[in-house]
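All remarks here apply to the structure that follows.
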Amino acid sequence: MPELPEVETTLRGIEPYLRNAIITNIEVRNPNLRWPVPTKKLAGLIGHEVSGTERRAKYILVHTLQGTILLHLGMSGSLSVLDKNHSVAKHDHIDIEVNASKIIRLNDPRRFGCCLLVKPPVFSHKLLANLGPEPLGADFDGDYLFQQSRSRAVCLKTFIMDGKVVVGVGNIYASEALYRAGLRPTSIAKRVSRVKYRNLAVAIKDILKGAIRAGGTTLNDFTQADGKPGYFKQELQVYGRSGEVCHGCDSIIKSKIIGQRNTFYCPSCQKG
DNA sequence: AGAGGTACCTGGCAGC
DNA sequence: TGCTGCCAGGTACCTC
């Protein structure tokens with residue numbers, strides 16, 4: 001479900017409720033996420049104030065002076081803001097209650113997400129230490145991609161989905177960015193030119209910004225923190241469209257498994 | 001070092 | 001209606 005735009009959309013939805021809020025309770029109904037949820041350690045945050053929130057890659061960080069809650073939504077997770085005492089549904093694993101009035105609720109059917117407590121220095125944590133640059137940051141551009149790719153014999157799509165290269169480009173937006181840049185997902189990363197990487201970097205930024213503006217992509221079950229769907233699905237050019245006509249020419253969109261993930265492209269528009 | 005495969009888990013859907 | 005098999009937005013970790 002969530003790629004970078006969905007995580008960013010989620011953070012924007014919950015941030016107003018967390019800003020300077022006092023954590024008044026943390027309820028863990030099911031600690032069996034990707035890694036065991038440290039219920040007791042999290043309880044140590046009760047009574048303390050949220051000092052800030054941020055996103056790094058697809059992680060949401062909720063800072064307090066006692067430690068940082070590190071949240072990941074995995075494939076199927078979502079966070080929503082609800083009134084305290086809102087009824088509990090299936091897969092509602094964790095509630096973070098703030099100001100004794102609202103709860104930030106994690107629902108994650110597949111339980112690939114995580115909720116950990118990290119002590120400073122937060123960015124030295126194993127999960128954060130080796131991440132590549134943010135795609136929307138100034139240090140991510142075509143020259144960087146070109147330089148990183150010189151020793152890489154993997155498919156271009158696998159390369160841009162590698163979190164050590166750049167974070168936040170998941171399966172949907174990888175296909176979309178490659179389409180926008182006119183590049184074949186199966187091209188070998190180290191054989192792609194600097195000029196093409198410049199186009200690709202711009203395409204990645206544009207796609208992600210557009211998706212954030214639309215509130216993310218809702219395929220089956222993604223909703224923003226207020227329960228509304230994202231509207232980027234209408235703007236998808238290739239993802240999920242195999243067998244349909246390309247919006248840019250008369251060709252039929254194809255799909256191919258690359259790195260165990262379904263990949264969509266136009267054989268005519270993407271020759272690079 | 002880099003490439004490729006496996007594992008974690010539930011739910012929805014197509015096909016029988 | 002119910003069963004089976006397949007697919008799904010992520011990514012750490014293992015082996016080669």
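Labels below follow one simple rule: chain letters A, B, ... track the order of the sequence lines, proteins then strands, and each chain is numbered from 1. Worth knowing before you read on, the calculation uses all heavy atoms, side chains too, and leaves out hydrogens, waters and symmetry mates.
- Between A:E15 and A:R19 there is a salt bridge, since a side-chain N of the basic residue sits under 4.0 Å from a carboxylate O of the acidic one.
- Counting any heavy atom pair closer than 4.0 Å across all strands shown, A:N262 reaches sugar-phosphate atoms only and no base atom.
- Residues A:K157 and A:N171 have side chains that bring a donor and an acceptor to within less than 3.5 angstrom of each other.
- Between C:dT11 and A:H72, a contact under 4.0 Å exists linking OP1 or OP2 to a side-chain N or O.
- The distance from atom OG1 of A:T64 to atom CD1 of A:I69, rounded to the nearest 0.5 Å, is 7.0 Å.
- In this structure, CZ of A:R110 is placed 16 Å from P of C:dC6, rounded to the nearest angstrom.
- Atoms CG (A:L127) and C1' (C:dG10) sit 12 Å apart, rounded to a whole Å.
- Remark: C1' of C:dT11 and CG of A:L116 are 14 Å apart, rounded to the nearest angstrom.
- Of the N and O atoms on the side chains of A:T217 and A:K233, not one donor lies less than 3.5 Å from an acceptor on the other residue.
- Taking only side-chain nitrogens and oxygens, A:R152 never comes nearer than 4.0 Å to OP1 or OP2 of B:dA1.
- What separates CG of A:D162 from P of C:dC13 is a distance of 15 Å, to the nearest Å.
- Using a 4.0 Å heavy-atom cutoff across all strands shown, A:R111 reaches sugar-phosphate atoms only and no base atom.
- Residue-level contact check: A:Y239 touches the backbone only, with heavy atoms under 4.0 Å from sugar-phosphate atoms and none from bases.
- Distance check on atom P: B:dT6 versus C:dC6 gives 15 Å, rounded to whole Å.
- Using modelled atom types and a 3.5 Å distance limit, the side chains of A:S51 and A:H63 yield no donor-acceptor pair.
- One atom, NZ of A:K126, and another, P of C:dT11, lie 15 Å apart when rounded to the nearest Å.
- In this structure, A:Y59 reaches the sugar-phosphate backbone alone: every heavy-atom distance under 4.0 Å involves primed, P, OP1 or OP2 atoms, never a base.
- Both A:V154 and A:K90 lie close to DNA chain B; mapped to their nearest nucleotides by heavy-atom distance, the more 5′-ward contact belongs to A:V154.
- Residues A:R198 and A:D143 are paired through a salt bridge, judged by an N-O separation under 4.0 Å between the basic side chain and the carboxylate.
- The A:W35 side chain lies nearest to C:dA12 when the options are B:dG2, C:dA12, C:dG9.
- For A:A153, the side-chain atoms get nearest to B:dA3 when compared with the rest of C:dA12, B:dA3, C:dG9.
- The distance from atom CG of A:L33 to atom P of B:dC9 is 11 Å, rounded to the nearest whole Å.
- Separating the CZ atom of A:R34 from the C1' atom of B:dA7 is a distance of 8 Å, rounded to the nearest angstrom.
- In DNA chain C, consecutive stretches of 3 or more Watson-Crick or G-U wobble pairs with both distances under 3.5 Å are given as paired ranges: B:2-8 with C:10-16, B:10-16 with C:2-8.
- In this structure, the CD1 atom of A:I160 is 14 Å from the P atom of C:dT11, given to the nearest Å.
- Considering only the side chain of A:F112, B:dC8 comes nearest among B:dG2, B:dT10, B:dC8.
- Contact annotation: A:H91 does not reach the phosphate of B:dC9 (side-chain N/O to OP1 or OP2, under 4.0 Å).
- Along DNA chain C, the nucleotide closest to A:Q260 and the one closest to A:G168 are compared, and the more 5′ of them pairs with A:Q260.
- For an aromatic pair to be called close, the ring centres must be under 6.0 Å apart, and A:F232 with A:Y239 fails this.
- Within 4.0 Å of A:T158, counting heavy atoms only, lies no atom of the nucleic acid at all.
- Checking A:H247 against A:R241 by side-chain atom types alone, a donor-acceptor pair falls below 3.5 Å.
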